[in-house]
Structures are given as C-alpha cells and as structure tokens.
Amino acid sequence: MLNSVAPEVKSPEGLHADALLAWYDRHRRRLPWRALPGEKPDPYRVWLSEIMLQQTTVKTVGPYFQAFLTRWPTVDAMAESDEEDILKAWAGLGYYSRARNLHACARFVSARLDGRFPDTVEGLRQLPGIGAYTAAAVAAIAFDRRAAVVDGNVERVVTRLEALETPLPQAKPRIAEIVDGMTPADRPGDFAQGMMDLGATICTPKRPACGLCPYLPFCRARREGTQETFPRKAPKARRPLRRGAAFWIVRPDGWVLVRKRPDKGLLGGMTEIPSSVWSEDFDSGTAVNYAPLKAKWRKLPGEVSHGFTHFELAVSVYAADALLSTKAPADCRWVRLDELDGEALPTVMRKIVALARGS
DNA sequence: CACTCGTGGCC
DNA sequence: TGGCCAAGAGT
C-alpha cells in the first residue's frame with residue numbers, strides 16, 4: 001500500500017518551498033502574461049514577457065506586451081514581420097538589442113524548430129537574447145522543468161535568508177547553488193514565480209514587509225535585524241557627463257531628415273535625429289562639423305538632458321532649413337513630421353524632437 | 001570579469 | 001535632486 005510508505009523527510013529547503021508555494025497560492029499577482037491556476041501556459045507569451053521584463057518593470061512592460069501580443073499573436077506571426085516593425089513597436093522600452101534578438105529568436109524558432117520553443121534549459125539557452133535567467137525561467141514557467149531561476153528579486157530574497165556577506169556579482173554562483181537546492185521537483189514554475197512575487201511585493205529593497213513573509217521563521221538577516229542591508233553590492237562607478245549635438249533639418253514641405261543608427265552599439269538599429277558623437281570632451285565650437293549636410297545652422301535655446309545607464313547626456317540642438325530638392329545623405333531619409341511618432345525613435349530622440357518642434 | 005546597454009519611477 | 005532600482009544579455 002502506498003499509504004504504508006514512510007512520509008518523505010523534508011529538508012529545510014523543502015520546507016522553504018512548501019511555505020513559499022502556500023503563500024503564492026494565496027497572493028500570486030495576476031499578470032497579463034501569466035496563466036491562471038490550472039491553465040496551460042503559452043511558451044510564446046512566457047518568452048515574450050521574459051524578454052520584455054529584463055531590467056524593466058512590470059508596469060512599463062504591460063502596454064508593450066499587450067500591443068505585441070495583439071499584433072503578433074504567435075511566434076510564427078512575429079517571424080514573418082520585418083525587424084524594422086519590431087524596433088518601431090519596441091521604441092521607448094529601452095535596451096534595443098533585446099528587440100533585435102527577439103526578432104532573430106522568433107525567426108529561428110519558427111523556421112528551424114517548427115514554431116515550438118525548446119522545452120529544456122540547454123535548448124533555450126542557445127537562442128539569441130536568452131541567457132541563464134531567461135532559459136531557466138521559460139523552462140520552469142512554460143514547461144514545468146525544475147530549473148534554478150535567479151533574477152534580482154531572488155538574489156535579494158536569498159542573500160537575506162542566508163545573510164550572505166559576499167557582494168554581488170561575486171555571490172551569483174553561490175546564490176544559484178542555494179536556489180537550486182530550494183527548488184522543488186513539483187511545481188518548479190510556481191516556485192520561481194512565487195520567489196519573484198515575494199521579492200517584488202514583500203522582500204522589497206527598502207522597508208521589506210517581513211511580518212507578512214512566509215520565510216520569516218527561516219530568515220537569518222531578519223533575525224539579526226539587518227535585512228535592509230542585503231544584498232551586499234560592489235560600489236558603482238559614477239556616471240560622467242557626455243555632450244553632443246543633434247541636427248533638425250526641415251524641408252519647406254515639412255519633411256525632416258532622420259538617420260538609421262548602426263546596428264551595433266548604443267541605440268543600435270534605431271532611428272535618430274542626425275547627431276554628433278557624444279563625448280566628455282565634446283567641443284561645441286566645432287559641433288556643426290558633425291552635421292549631415294551643409295546649411296546655415298542656428299542653435300536652438302535650451303538643451304536636452306537624458307540619463308543612460310553609464311553616462312549622463314546633454315545635447316544641443318541645431319536647426320536649419322533645407323531646399324525641397326535636397327537629397328538625403330547616406331543612411332538618411334526624409335520623413336513627414338506627422339509620421340515621426342511611428343518611427344523607431346528612442347526616448348532621447350523624442351526629447352530632441354520635442355525641443356525642436358517647440359522652438 | 002568588467003563593461004556596455006534605456007528608461008521611468010521612487011524617495 | 002540624484003542615486004537606486006527593475007523578471008539580464010552579450011562581449
């Protein structure tokens with residue numbers, strides 16, 4: 001009789017998983033990409049959401065996810081699109097290599113894998129834009145594979161649970177080891193999502209709600225009253241200020257000159273208002289040397305400020321009028337003013353447009 | 001391993 | 001206001 005079998009002796013990690021899953025069953029967030037209890041998750045939606053959520057908040061991703069899903073309901077539909085359309089739809093979301101990898105991944109899965117995502121960590125890991133975290137997350141959430149899912153939330157939860165003194169990113173291998181030990185064979189996807197929900201709603205960076213935490217009895221940092229000091233982190237380099245110039249060129253019929261940026265590097269593949277290099281020692285006296293064509297430039301009042309991850313940017317905007325007959329220089333093209341909104345313009349470029357149009 | 005790569009929100 | 005943070009990946 002099965003009933004006569006001795007009950008499984010649970011490790012402390014197993015108890016952790018039970019406490020977490022019970023909490024998740026009561027408090028799970030309802031998210032657009034998340035299957036309801038008992039529903040089978042759609043790997044395409046799981047993958048799409050995971051790519052968008054890389055370093056991006058749930059709130060920001062929401063409308064983008066809905067728009068993408070409506071326009072490209074399946075991986076095959078996305079594979080049939082042009083990269084340019086993906087970039088336009090991604091504009092404003094940031095980290096634009098994600099969009100290019102998204103498109104490349106869709107094409108690979110559609111053409112080479114018959115439209116089906118790999119159902120293992122190793123298979124997923126080979127795809128463009130999918131690293132250690134996303135491979136584990138998709139395997140666990142979409143295919144119920146036991147995989148150690150470690151994102152920023154999980155790092156915070158685990159370093160607090162264990163009061164881990166090793167700073168990030170040095171502690172990453174140890175954290176992955178601990179999470180692997182905690183992850184149950186049963187419901188690994190719910191466990192992963194539960195850990196992330198816990199980090200997002202209870203075990204928050206500041207003022208964690210320890211009183212509501214299912215891990216309260218197990219948490220070493222809380223016991224020592226040091227929970228807010230974890231995770232330890234290596235000090236960050238502070239961001240330098242770079243300067244540059246952008247060139248707003250308008251034809252008499254109201255069309256403006258735009259340019260496609262190189263595929264690699266900052267804002268790769270996106271559309272720009274033709275701009276100079278951005279550098280710490282930028283010489284504003286020679287700014288117009290960077291203009292895409294010769295013209296009578298007037299410097300517009302004010303400047304555009306924009307923060308990137310590793311530097312702060314200040315851009316001066318120069319405006320000029322072009323003849324109707326002016327040909328677009330290399331990599332440039334003319335665009336109607338009222339069609340600028342639909343372009344693959346990153347946020348910093350939209351700020352430049354706003355300044356120019358307001359002048 | 002250290003660096004590059006966006007953006008918006010929060011206190 | 002400025003630093004920090006968010007379901008990291010690629011090189």
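Residue numbers start from 1 in every chain, and the chains themselves are labelled A, B, ... in the order their sequence lines are given, proteins ahead of strands.
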Measure from [atom1] on [X] to [atom2] on [N] and round the result to the nearest Å.
{"X": "A:K172", "N": "C:dG8", "atom1": "NZ", "atom2": "P", "value": "9 Å"}
{"X": "A:R30", "N": "C:dA7", "atom1": "CZ", "atom2": "P", "value": "20 Å"}
{"X": "A:L124", "N": "C:dA9", "atom1": "CG", "atom2": "P", "value": "12 Å"}
{"X": "A:E228", "N": "C:dC5", "atom1": "CD", "atom2": "P", "value": "12 Å"}
{"X": "A:Y133", "N": "C:dG10", "atom1": "OH", "atom2": "C1'", "value": "18 Å"}
{"X": "A:D197", "N": "C:dA6", "atom1": "CG", "atom2": "P", "value": "14 Å"}
{"X": "A:M195", "N": "C:dA7", "atom1": "CE", "atom2": "P", "value": "13 Å"}
{"X": "A:M196", "N": "C:dA6", "atom1": "CE", "atom2": "P", "value": "13 Å"}

Practice problem: Could you please name the option among C:dA7, C:dA6, C:dC5 that lies closest to any side-chain atom of A:V58? | Solution: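 Nearest to the side-chain atoms of A:V58, counting from C-beta on, is C:dA7.
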
Quiz prompt | A:W47 and A:F117 aromatic centres sub-6.0 Å | solution =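 Yes; A:F117 has its ring centre under 6.0 Å from that of A:W47.
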
In whole Å, what separates the [atom1] atom of [N] from that of [M]?
{"N": "B:dG8", "M": "C:dA9", "atom1": "P", "answer": "22 Å"}
{"N": "C:dC4", "M": "B:dC3", "atom1": "P", "answer": "16 Å"}
{"N": "C:dA7", "M": "B:dT4", "atom1": "P", "answer": "24 Å"}
{"N": "C:dG8", "M": "B:dC1", "atom1": "C1'", "answer": "16 Å"}

Exercise. Take A:R238 and A:G131, find for each the nucleotide of DNA chain C with the closest heavy atom, and name the residue whose nucleotide sits nearer the 5' end.
Key: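 Upstream on the strand: A:R238.
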
Exercise. Would you mind telling me which residue lines up with the more 5' stretch of DNA chain C, A:L31 or A:G129, judged by nearest nucleotide?
Key: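 Whichever sits nearer the 5' end wins; that is A:L31.
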
Practice problem: Can you check each nucleotide of nucleotides 2-11 of chain B against protein heavy atoms at under 4.0 Å and return B for base, S for sugar-phosphate only, - for none, in 5' to 3' order? | Solution: --SBBBS---

Which is true for [X] with a 4.0 Å heavy-atom rule: it touches a base, it touches only sugar-phosphate, or it touches nothing?
{"X": "A:R350", "result": "nothing"}
{"X": "A:T134", "result": "sugar-phosphate"}
{"X": "A:A132", "result": "sugar-phosphate"}
{"X": "A:W33", "result": "base"}

Quiz prompt | Rounded distance [0.5 Å steps], NZ in A:K351 versus CG in A:L313 | solution =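 Answer rounded to 0.5 Å: 9.0 Å.
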
Practice problem: Any chance you could measure A:T201, atom OG1, to A:N153, atom CG, to the nearest 0.5 Å? | Solution: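 Result: 9.0 Å between the selected atoms.
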
Exercise. Check the surroundings of atom CZ in A:R45: do more than 12 heavy atoms from other residues, nucleotides or ligands lie under 6.0 Å from it?
Key: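 Not more than 12 within 6.0 Å, no.
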
Self-check item: Within 6.0 angstrom of A:D263 CG, more than 12 heavy atoms from elsewhere
Solution: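 Count over threshold, so yes.
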
Quiz item: Do A:E162 and A:R220 meet the salt-bridge criterion of a basic N to acidic O distance under 4.0 Å?
Solution: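 Salt bridge absent between A:R220 and A:E162.
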
Exercise. Measure up the A:F311 and A:F308 rings against each other and bin them: parallel (under 30°), tilted (30 to 60°), perpendicular (over 60°).
Key: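 Answer is parallel, since the angle falls under 30°.
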
Quiz prompt | Nucleic acid contacts - residues 65-78 of chain A versus DNA chain C, non-hydrogen atoms under 4.0 Å | solution =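 Close to the strand, none.
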
Practice problem: For the residue pair A:Y133 and A:Q54, confirm or rule out a side-chain donor-acceptor distance under 3.5 Å. | Solution: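 Per modelled atom types, A:Y133 and A:Q54 side chains form no pair under 3.5 Å.
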
Exercise. Consider only side-chain N and O atoms of A:Q193 and A:R34, and report whether a donor and an acceptor are under 3.5 Å apart.
Key: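 A pair is found: one side chain offers a donor N or O, the other an acceptor, under 3.5 Å apart.
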
Quiz item: What about A:R29: does its side chain form a donor-acceptor pair under 3.5 Å with the base of C:dA7?
Solution: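 Donor-acceptor pair under 3.5 Å: yes.
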
Quiz item: Looking at residues at least two apart in the chain, or sitting in another chain, which of them share a salt bridge (Lys or Arg N to Asp or Glu O under 4.0 Å) with A:R222?
Solution: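 If we apply the salt bridge (Lys or Arg N to Asp or Glu O under 4.0 Å) test to A:R222, skipping adjacent residues, there are no hits.
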
